[in-house]
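Numbered from 1 within each chain, the chains take letters A, B, ... in sequence-line order.
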Amino acid sequence: MLDLKFIRENIGLVRENIKNKNESTQVDSILELDEKRRKVIQEVESLKNIRNVVSKEIAELKKNKQDADDKIASMKDVSDKIKLLDEELRLIEAEIEQVVLRIPNMTGPDVPVGKSAADNKIVRQWGNPKIQAIKKNHIEIARNLDIIDFERGGKVSGSGFAFYKGKGAKLERALINFMIDFHTDNHGYTELLPPFLVNRNSMLGTGQLPKMAEDMYHATEDDMFLIPTAEVPLTNFHSDEMLSTPDLPIKYCGYSPCFRREAGSYGKDVRGFLRVHQFNKVEMVNFVRPEDSWQRLEDLTNEAEDIVKALGLHYRLLLLCSGDTSFSSSMTYDIEVWSPGEENWLEVSSCSNFTDFQARRANIRFRPEPSAKPEFVHTLNGSGLATSRIMVALLETYLNEDGSVSVPSCLVPYTGFDKI
RNA sequence: GGAGAGGUGGCAGAGUGGUUGAAUGUGGCGGUCUCGAAAACCGUUGUGCGGGUAACUGCACCGAGGGUUCGAAUCCCUCCUUCUCCGCCA
């Protein structure tokens with residue numbers, strides 16, 4: 001979330017940012033509420049001061065075995081007033097919190113203002129599009145090879161779920177292991193294998209709640225949520241902590257399945273693996289000093305790109321415009337790989353700088369100097385990568401004319417076979 | 001799920017309802033001593049929110065949230081969590 005002081009002093013910028021991000025949060029009530037809040041604080045605190053002073057006098061009188069009944073009686077009234085004002089303050093602050101939690105992060109200085117995906121900026125492209133001899137999409141390829149079973153996924157769970165089978169399952173595991181090893185061996189990451197269910201507080205910490213509540217699978221009995229991305233447990237790993245400064249930057253990567261309800265999306269763009277309710281992803285999360293976060297975003301993005309290059313997939317890098325930049329993010333790069341079967345770009349990674357937005361929500365701090373005040377760290381994360389759409393691009397890119405699919409050489413040590 | 005015992009500063013660990021933001025130890029920082037270091041000694045050392053240009057000052061915080069009281073780290077209730085034991089289960 002944003003700092004209340006920042007909102008107070010920059011209300012115009014905050015309004016403009018909300019508009020640029022295509023959000024509709026109403027912030028008009030904030031200034032008035034904030035003023036009311038400070039007025040009540042001053043009132044109640046001066047009463048509490050009286051109470052504290054008189055209580056000491058009462059203690060003194062009692063110690064000397066003197067009568068304190070008058071003072072005690074007069075304090076009764078003060079105490080009642082304090083209770084009323086405290087309650088009023090609590091309500092005001094709850095109201096402020098409800099608004100502040102719904103205000104999106106400020107976009108960074110380099111983010112182009114724009115409405116939709118059409119306004120995103122293409123930063124660079126790598127590789128060349130593969131031309132298939134006979135056009136086939138991943139669903140046909142997978143069905144022919146009997147490596148993915150969408151029908152039984154639908155029967156057992158519902159549409160948007162699938163079974164990986166035989167070499168398909170092994171290829172999926174190979175992708176996950178390859179990507180984790182790549183990050184830990186080449187980029188200095190520490191692996192975390194996180195819980196897949198998290199509590200409400202964690203979902204608030206990274207900003208999925210309250211805004212995205214409808215997209216979450218919610219276990220109501222225990223008020224727990226299936227994670228939509230490993231970003232949630234990996235970032236909240238350090239919630240409510242004071243990070244040891246020499247340890248920064250901290251870099252974690254981790255595999256998890258990701259669960260998304262994707263409420264209300266059906267049709268051509270969602271068939272097969274293009275949009276599913278459960279997919280696998282390796283996520284990278286960084287905790288850095290504030291002055292380092294913009295450079296780290298560039299480096300983090302490169303780390304994700306390195307994986308796509310290793311897999312030999314044609315891709316492009318996009319800088320998202322304000323309207324496409326997510327609620328919690330300040331600036332986001334998307335990596336999209338080319339799907340020869342769909343003849344379309346598929347998002348496989350999103351790399352974002354969240355500045356201090358998540359750190360303030362999740363209370364993750366560090367001390368810049370040993371004697372200095374604690375500050376919020378900056379958090380970043382990037383997919384590295386989401387496997388289901390990578391699988392689409394792999395099958396369609398490495399399809400041979402005889403219907404078999406070759407395995408990219410970097411994966412062969414993990415699969416034990418070079419062809420499906 | 002049941003029974004019991006805990007949760008106090010960076011860490012360890014005291015704390016009879018009334019100068020307790022909190023003893024003591026330890027760690028950190030500064031200093032004395034030293035060529036330098038160690039030891040010893042002295043000093044200092046939490047966070048958040050208000051007010052003030054500032055020096056400074058008020059309030060809150062002892063797992064979380066309520067309650068009792070003129071006054072709560074201390075008493076009561078609910079919840080979370082850790083440990084020990086029992087039960088159930090993969």
Side-chain angles (χ1 to χ4, degrees), chain A residues 1-9 30-101 193-205 209 219-225 233 236-248 250 287 356-377:
Chain A
M1 64 186 139
L2 300 179
D3 182 22
L4 189 55
K5 264 197 198 123
F6 176 86
I7 298 172
R8 187 191 302 155
E9 286 159 15
I30 278 277
L31 294 182
E32 202 182 319
L33 283 168
D34 182 50
E35 203 163 315
K36 231 161 91 187
R37 169 177 160 268
R38 282 184 290 165
K39 203 177 128 246
V40 175
I41 285 177
Q42 286 171 38
E43 208 173 329
V44 74
E45 288 192 350
S46 69
L47 284 176
K48 282 180 178 174
N49 179 237
I50 291 171
R51 185 180 69 183
N52 287 344
V53 170
V54 175
S55 283
K56 271 180 196 166
E57 290 171 10
I58 292 172
E60 197 62 29
L61 286 173
K62 291 219 163 186
K63 211 157 83 182
N64 298 330
K65 305 267 189 242
Q66 288 175 295
D67 178 60
D69 290 354
D70 285 356
K71 282 186 190 287
I72 290 177
S74 71
M75 277 306 99
K76 177 92 182 145
D77 194 38
V78 172
S79 190
D80 288 346
K81 271 190 194 142
I82 288 174
K83 251 173 221 165
L84 285 174
L85 286 172
D86 265 342
E87 175 64 10
E88 191 184 338
L89 186 62
R90 200 185 60 78
L91 290 174
I92 293 171
E93 292 191 330
E95 216 174 321
I96 290 174
E97 194 191 13
Q98 280 312 303
V99 179
V100 173
L101 278 177
L193 183 55
F196 302 155
L197 280 159
V198 297
N199 60 29
R200 178 172 290 275
N201 204 34
S202 295
M203 291 294 258
L204 280 167
L209 288 178
T220 52
E221 185 117 353
D222 300 296
D223 197 27
M224 296 189 81
F225 297 83
N236 282 287
F237 187 74
H238 284 305
S239 64
D240 287 321
E241 286 185 23
M242 183 80 73
L243 299 182
S244 167
T245 308
D247 292 347
L248 295 176
I250 295 172
F287 302 83
D356 60 0
F357 191 82
Q358 291 180 328
R360 184 173 289 107
R361 284 179 169 236
N363 190 27
I364 306 169
R365 299 179 298 171
F366 78 110
R367 229 180 261 281
E369 303 295 334
S371 57
K373 287 220 159 216
E375 281 182 31
F376 293 110
V377 299

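Stem analysis of RNA chain B (Watson-Crick or G-U pairs, both distances under 3.5 Å, runs of at least three) returns B:1-7 with B:80-86, B:10-12 with B:24-26, B:27-32 with B:40-45, B:46-51 with B:56-61, B:63-67 with B:75-79.
Contact check, A:S79 against B:G71: a side-chain N or O comes under 4.0 Å of OP1 or OP2. Within the 4.0 Å cut-off from OP1 or OP2 of B:G58, not a single side-chain nitrogen or oxygen of A:N49 is found. At B:C70, one or more side-chain N or O atoms of A:K76 fall inside 4.0 Å of OP1 or OP2 (strictly under the cut-off). Within the structure, a side-chain polar atom (N or O) of A:N52 is placed less than 4.0 Å from OP1 or OP2 of B:A60. Side-chain nitrogen and oxygen atoms of A:R38 include none within less than 4.0 Å of the OP1 or OP2 phosphate oxygen of B:C49. Close to B:U68, at under 4.0 Å from its OP1 or OP2, lies a side-chain N or O of A:K83. A sub-4.0 Å separation between OP1 or OP2 of B:G50 and a side-chain N or O of A:R8 is present.
If you take atom C1' in B:G13 and the same atom in B:G27, they sit 14 Å apart, rounded to whole Å. Separation of the C1' atoms belonging to B:A12 and B:A22 is 16 Å when rounded to the nearest angstrom. Straight-line distance between the C1' atoms of B:C89 and B:G2: roughly 16 Å, to the nearest whole Å. Of the P atoms belonging to B:U8 and B:A23, the separation is 16 Å, rounded to the nearest Å. Distance noted for atom C1' between B:A73 and B:C62: 5 Å (whole Å). The separation of B:A38 from B:G31, taken at their P atoms, amounts to 12 Å, rounded to a whole angstrom. A distance of about 34 Å separates the P atoms of B:G1 and B:A72, rounded to the whole Å.
A:I58 comes within 4.0 angstrom of a nucleotide base, judged by non-hydrogen atoms across all strands. Contact annotation for A:K56: no contact, since no heavy-atom pair falls under 4.0 Å across all strands.
Here the P atom of nucleotide B:G65 and the CZ atom of A:R90 are 11 Å apart, to the nearest Å. The CG atom of A:D240 sits 16 Å away from the C1' atom of B:G10 (whole-angstrom rounding). Spacing between atom CG of A:N363 and atom P of B:C49 amounts to 11 Å, rounded to whole angstrom units. Rounded to an integer number of Å, the gap from CZ of A:F366 to C1' of B:U47 is 16 Å. For the pair A:R200 CZ and B:C79 C1', the interatomic distance rounds to 16 Å; values are reported in whole Å. Counting to the nearest Å, the P atom of B:A60 and the CG atom of A:L47 are 12 Å from each other. In this structure, A:I50 atom CD1 and B:C59 atom P are separated by 11 Å, rounded to whole Å. One interatomic measurement links the two molecules: CD of A:E241 to C1' of B:U47, which rounds to 16 Å at whole-angstrom precision.
Toward the 5′ end of RNA chain B lies the nearest nucleotide of A:E60, the other residue of the pair A:E60 and A:E45 mapping further downstream. Of the two residues near RNA chain B, A:R365 and A:I72, the one whose nearest nucleotide lies more 5' is A:R365.
Set against B:G18, B:G50, B:A60, the side chain of A:A59 has B:G18 as its closest nucleotide. Side-chain proximity of A:S55 to the nucleotides B:G50, B:C70, B:U47 is greatest for B:C70.
Between A:D86 and A:K83, no side-chain nitrogen of the basic residue sits less than 4.0 Å from a carboxylate oxygen of the acidic one, so the salt-bridge criterion is not met. Between A:E87 and A:R90 there is a salt bridge, with a side-chain nitrogen of the basic residue lying less than 4.0 Å from a carboxylate oxygen of the acidic one.
Surrounding CD of A:E32 are at most 12 heavy atoms belonging to other residues, nucleotides or ligands under 6.0 Å away. The local environment of CD in A:E9 is crowded, with over 12 non-hydrogen atoms from other residues, nucleotides or ligands closer than 6.0 Å.
Using modelled atom types, no side-chain atom of A:S79 and backbone atom of A:M75 make a donor-acceptor pair closer than 3.5 Å.
Heavy atoms only, all atoms of each residue included: A:N236 and A:S202 are closest at ND2-O, 2.9 Å. Closest non-hydrogen pair, A:K71 versus A:I58, comes out as CB-CG1, 4.0 Å.
Checked by distance alone, A:Q42 brings no side-chain donor or acceptor within 3.5 Å of a matching partner on the base of B:G50.
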